[in-house]
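To start, the structure itself, in structure tokens.
Order of listing sets the numbers, starting from 1, for every ligand and every atom in it.
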Amino acid sequence: MKIGTRIIHTGETDERTGAVSVPIYQTSTFAQKSVDHFGKYDYARSDNPTREAVEEAVAQLEGGSRGFAFASGMAAISSALLLFSPGDHLVVCEDVYGGTFRVLTQLFSRLGIESTFVDATDPAAIEAAFKPHTKGLFLETPSNPLMKIIDLAAASRIAKAHGAITLVDNTFMTPYLQRPLELGCDLVLHSGTKFLNGHSDVICGFAVVGDAELGKRIRFIQNAFGAVLGPQDSWLVLRGLKTLKVRMEESQRGAEKIARWLAGEKRVDQVFYPGLKDHPGFDVHSRQASGPGAVLSFTLDSLETTRRLLEGMRLASFAVSLGGVESIISYPAKMSHAAMPPAERAARGIGDNLVRLSVGLEDAEDLIEEMDRLINC
Ligand SMILES: *Cc1c(COP(=O)(O)O)cnc(C)c1O
């Protein structure tokens, strides 16, 4: 079955009633019948049927064997990082999500898990960063916010040769456009807050694995650490997921139009979008993903134009986050990457005139008209 069909038919209908929408099992515990044999469910931190349904749905879409739902994208990422132990070393792509950078450099570093940040668009740089005790390679492609492209098949081959696992934050693409497990990666992570849920009304995260043994280890961490997603939010994500295909297709169509328009504007210096033929990662991205997605970033000619656009947009919320039905325009220097020291930020090309746009479901012509007015006034 193709992914569009799988998105709709991911789970089973409720066995007891035939309900087409998985019920919200708003319960913390489950009564047991016998002292000798407990049922499948005993306590909702361990298992909840509604959470299980969304976990199965996301796992199926990623082509994985098991999925795990967490209370946020950072809870999923941090829980996955608990696979590592003091003395382990990680190689991480350099323009990783700001929250991931923060947790690695301010929390996991304290626990003796060291990270080296590299330009992972260059496989040789990945290879060179490996040490004898490197246990994990953490990647994000397209990266945030500069939309750099990493060759996932080549990168995961390097990790495998060194006996390390590859973790991929697939938030920007979703399994509709890119499935890292099929490219040789081991663990896929999501901020489900973004495109998976898609309606800017839930904070959630996911981890998906292919390998059963790795699945058992994540399952242990999920239950032991306990940063799980609640049943109500699990249900909202199940509902949001059903329109993943149409949302991604429509938002992407808008993003492509807007990127092409921006590329021709005088006051726009650079446009970062893997759907543009002159993007340095165009070929690699086209090989490993079925579309460029709905997020793009660009630099403007001055701080004044940047401010006018950010503060003037009415059809896009000036906000953090992305992947909603409404367009969201954000300012990485003060938002997603505020946790990064300014020197570090500048070194990574995340300057003060950089704007990120997540295209929603508005008509692209209206967004372009408004941006045109604000940029060129
Ligand atoms: C938002 C985001 C996260 C963090 O997810 P939360 O749900 O906000 O905790 C991680 N990675 C990427 C790429 C993101 O955009």
* Asked: What's the verdict on side-chain hydrogen bond (donor to acceptor under 3.5 Å, both in side chains) for Gln222 and Glu55, showing C-alpha distance, side-chain angles and the deciding distance?
  -> CA-CA 12 Å; Gln222 184 195 36; Glu55 288 176 330; 2.9 Å; yes
* So, Glu94 and Lys148, do they make that salt bridge, N to O below 4.0 Å? -> yes
* Asked: What residue pairs, at least two apart or across chains, pass salt bridge (Lys or Arg N to Asp or Glu O under 4.0 Å) with a residue in residues 317-344?
  -> Glu344-Arg348
* Sequence neighbours excluded, which residues qualify as salt bridge (charged side-chain N to carboxylate O under 4.0 Å, His left out) partners of Asp186? -> none
* Qualifying residues under side chain to side chain donor-acceptor pair (under 3.5 Å), relative to Arg217, sequence neighbours excluded -> none
* Does a side-chain N-to-carboxylate-O contact under 4.0 Å join Lys257 and Glu365? -> yes
Please give the N or O to N or O pairs under 3.5 Å between ligand 1 and the protein, distances rounded to 0.1 Å.
from     : atom 1 : to     : atom 2 : distance (Å)
ligand 1 : 5 (O)  : Ser191 : OG     : 3.0
ligand 1 : 7 (O)  : Gly73  : N      : 2.8
ligand 1 : 7 (O)  : Ser191 : OG     : 2.8
ligand 1 : 7 (O)  : Thr193 : OG1    : 2.7
ligand 1 : 9 (O)  : Gly73  : N      : 3.0
ligand 1 : 9 (O)  : Met74  : N      : 2.8
ligand 1 : 11 (N) : Asp169 : OD2    : 2.7
ligand 1 : 15 (O) : Lys194 : NZ     : 2.7

